[in-house]
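A quick write-up on the structure given underneath.
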Amino acid sequence: MRTVGSLFLPLLQEFVRNEKVAVIFLREFWPRIVGAPWAASAGPLRLRGRILEIGVPDSEWEGVLRRMTPALISKVNGFWNRSLVRGLDFRVLRPRPGDRTT
């Protein structure tokens, strides 16, 4: 007997062939892919030509995540069990919703 997950994964993989659809799924599953603490500070914005653009709150986070690029690509591709992403790009989002300037 196959699990629901094993039946759902091939369908999901078919959906993510469309980059706009893929980024919707990436946003939804992002906390599971990278972990809740990381997901609270950075998230997928768009996917173009297998380059995933990730929004970050500041240049410090950008630097941290740039150094983790190979691990992040591996996590994303491992989650989908396919080579969905071949590179990452980062965009500092200012101001973040809810942030106050001093």
For residues 25-34, run the donor-acceptor check on the side chains, cut-off 3.5 Å, and write out each pair with its distance to 0.1 Å, sequence neighbours left out.
from: R27; atom 1: NE; to: P44; atom 2: O; distance (Å): 3.2
from: R27; atom 1: NH2; to: L45; atom 2: O; distance (Å): 2.4
from: W30; atom 1: NE1; to: A42; atom 2: O; distance (Å): 2.8

Can you name the residues that form a side-chain contact (heavy atoms from CB on, under 4.5 Å) with I24, not counting sequence neighbours?
none

Rounded at 0.5 Å granularity, tell me how far CG in L52 sits from CG in L84.
8.0 Å

Just grab all the salt bridge (charged side-chain N to carboxylate O under 4.0 Å, His left out) pairs involving residues 42-52, residues at least two apart or on different chains.
R46-E53

Should I51 and W80 be counted in the same cluster of Ile, Leu, Val, Met, Phe, Trp and Tyr side chains packed under 4.5 Å apart?
no

Can you list every side-chain hydrogen bond (donor to acceptor under 3.5 Å, both in side chains) pair that touches residues 63-76, not counting sequence neighbours?
E62-R66

Do the non-hydrogen side-chain atoms of W38 and L65 ever get within less than 4.5 Å of each other?
yes

Do D89 side-chain atoms and I54 backbone N/O form a donor-acceptor pair below 3.5 Å?
no

Specify the closest pair of heavy atoms between V23 and L47, including all atoms of both residues, with the distance to one decimal.
CG2-N, 4.1 Å

Going hydrophobic residue to hydrophobic residue with side-chain gaps under 4.5 angstrom, can you get from L72 over to V64?
yes

Report the C-alpha distance between V21 and E19 in whole Å, list the side-chain angles of each, state the deciding distance to 0.1 Å, and finish with yes or no for side chain to side chain contact (heavy atoms under 4.5 Å, CB included).
CA-CA 5 Å; V21 174; E19 291 180 336; over 6 Å; no

